[in-house]
2 protein chains.
Amino acid sequence: MARPRQFDEHDAVASATELFWRRGYHATSVRDLGDELKLTPSSLYRTFTDKHTLFLRALDHYRATESTQAYRRLDASDRPVREVLREWMLWLVTCPADGESGRGCFVVNTATELGTTDTQVQERTEAAFAVTRQALRAVLAEGRERGELSTDLDIGGAVELLFTTVLGLRVRERAGHGLERLTTTIDFAIRALGAAPAQPA
Amino acid sequence: MARPRQFDEHDAVASATELFWRRGYHATSVRDLGDELKLTPSSLYRTFTDKHTLFLRALDHYRATESTQAYRRLDASDRPVREVLREWMLWLVTCPADGESGRGCFVVNTATELGTTDTQVQERTEAAFAVTRQALRAVLAEGRERGELSTDLDIGGAVELLFTTVLGLRVRERAGHGLERLTTTIDFAIRALGAAPAQPA
DNA sequence: ATGGTTCGGGAGTGATCGCTCCCGAATCGG
DNA sequence: CCGATTCGGGAGCGATCACTCCCGAACCAT
């Protein structure tokens, strides 16, 4: 039809995600976004409708990248579940691959900032939470099948505790808490899954 | 000296706390505050210097009321520590005495919204966190002394886990999660403290 | 009473908010 | 090559942001 875009829409969403992640929704202005994405206001609005829509796109982008990566790291098909869980949680509080620390989790930050006021946002945060819980449930189930966890283990309760602990860890990482204390937390949480049952040879 | 104030400064801070708590820092405008506190801008600024200072006052007010009440409810001098812990955590996620739900914890909301960017805010959130951890430590120590908890219990680890769990619970309450699931979480967290040692008559 | 001081209230500051409009340039299909 | 369409870019919209100034009224010490 006509003139094509001179910027990569996907890259722009990624940059917007970065900004919203660090500063939150209200503290990020459209001008900030424009500067970061190297987009004039008109291009930004033509492409993303408005700030709120762009924010939803950013949330979706985050879930499609960070959350999905977390989900993949929780795969326990070839390692002991305790080890997988421990390293997964450690990665969650260490992940600043790009040196950026104190960002916490975009979903957690968003859930606390926007609470239950924005239904479209809430749908997305709840979906992300549900995926995490589901993945935890799968790992624990696998651990029980393999005999790494006691058959007495209340998987429902363990999922809730691990999930809640992860939210807390994300808050603490955002608040700048040191890795040492967070590691202590993680180790104790793993221990809460109970001792490994005796192995039948 | 001169004409006295026609409003109660303490009440004004309490109202401001309510507003900041529900909406967060950036989403609360000075006009909103003025309307809620029934204060004209000039009175507000004469009394509280500026928005940021008023926010710090609100944080301090919250710690002096809500946090202190939580601290008091964690007193285990005349009841079993598990029971005290359980009811304390339940209260934390139920406390909307005034019907207001989904507010979460003002300190947690603030820590995630402002992260590590504001040192004055961070001092206060960290102080609040430290008080909670200290209170948890005291309860667990008492439980061990009384023989309600195993002498093998790693109190340091248990404190970290309980504290982190509480942060997670507060996030979930803010996100609108149902009491049922949160109760499951709490019960499993209590169970993570281990079985009660056999009572020596 | 009176002078000194702070009060409540309202108008108004410049800056920034989210967002729109219009332009000439660029790129397409025909 | 040309009409149609969308592009990037910049100026600028009304509204709201945090905040200030000024005024007459109210209060206290003397």
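Order of the sequence lines sets the chain letters (A, B, ...), proteins ahead of strands, with each chain counted from 1.
Residue Thr28(B) is in sugar-phosphate contact alone, with no base atom involved, counting any heavy-atom pair closer than 4.0 Å across all strands shown. Note on Pro4(A): only backbone sugar-phosphate atoms sit closer than 4.0 angstrom, heavy atoms only; bases stay farther off. No engagement by Thr47(A) is indicated, since no non-hydrogen atom pair under 4.0 Å with the nucleic acid exists.
Note: CZ (Phe7(B)) to C1' (dT6(C)) measures 12 Å, nearest angstrom. Distance, Phe55(B) CZ to dA18(D) C1': 16 Å, rounded to whole Å. The interatomic distance linking Phe20(A) (CZ) with dG18(C) (C1') rounds to 12 Å, in whole Å. Atom NZ of Lys51(A) and atom C1' of dC19(C) are 12 Å apart (whole Å). In this structure, CG of Asp8(B) is placed 12 Å from P of dG8(C), rounded to the nearest angstrom. Counting to the nearest Å, the C1' atom of dG10(C) and the OH atom of Tyr45(B) are 15 Å from each other. Here dT13(C) presents its C1' atom at 17 Å from CG of Asp50(B), a figure rounded to the nearest Å. Atom CZ in Arg5(A) sits roughly 15 Å away from atom C1' in dC28(C) (whole-Å rounding).
Look at Arg5(B) and Glu9(B) and you find a salt bridge, because one of the NZ, NE, NH1 or NH2 atoms lies within 4.0 Å of a carboxylate O, short of that distance. In summary, Arg172(B) and Glu160(A) engage in a salt bridge, as defined by a charged side-chain N under 4.0 Å from a carboxylate O. Between Arg73(B) and Glu87(B) there is no salt bridge, since no side-chain N of the basic residue sits under 4.0 Å from a carboxylate O of the acidic one.
Checking His26(B) against Pro41(A), the closest nucleotide of DNA chain D that is more toward the 5' end is the one next to Pro41(A). With DNA chain D read from its 5' end, the first of the two nearest nucleotides for Lys38(A) and Gln6(B) is the one closest to Lys38(A).
Between Phe48(B) and Phe55(B), the distance from one ring center to the other does not fall under 6.0 angstrom.
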Taking only N/O atoms, report every protein-nucleotides 22-24 of chain C pair under 3.5 Å with atom names and distance.
none

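To the nearest 0.5 angstrom, Tyr62(B) atom OH is 15.5 Å from Arg124(B) atom CZ. To the nearest 0.5 angstrom, Ser77(B) atom OG is 7.0 Å from Glu142(B) atom CD.
In this structure, Lys51(A) forms a cation-pi arrangement with Tyr25(A), its terminal cationic atom sitting closer than 6.0 Å to the ring centre and no more than 45° off the ring axis. Geometric assessment of Arg103(B) against the ring of Trp21(B) yields a positive cation-pi assignment under the 6.0 Å and 45° thresholds.
For the pair Thr125(B) (side chain) and Gln122(B) (backbone), a donor-acceptor distance under 3.5 Å is present. The main-chain N or O of Pro80(A) is never found under 3.5 Å from a side-chain atom of Glu148(A) such that the two would form a donor-acceptor pair.
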How far apart are the C-alpha atoms of Phe20(A) and Thr110(A), what are their side-chain angles, what is the distance that settles it, and do they pass the side chain to side chain contact (heavy atoms under 4.5 Å, CB included) test? CA-CA 9 Å; Phe20(A) 279 130; Thr110(A) 300; over 6 Å; no
Start with the C-alpha gap between Leu140(B) and Leu85(B), add the side-chain angles, then the distance that decides, and say whether side chain to side chain contact (heavy atoms under 4.5 Å, CB included) holds. CA-CA 9 Å; Leu140(B) 293 182; Leu85(B) 278 171; 4.0 Å; yes
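Taking a 4.0 Å limit (strictly below) on heavy-atom distances, residues 109-125 of chain A does not reach DNA chain C anywhere. Residues of residues 29-37 of chain A having a heavy atom closer than 4.0 Å to DNA chain C, listed by number: Ser29(A), Val30(A), Arg31(A).
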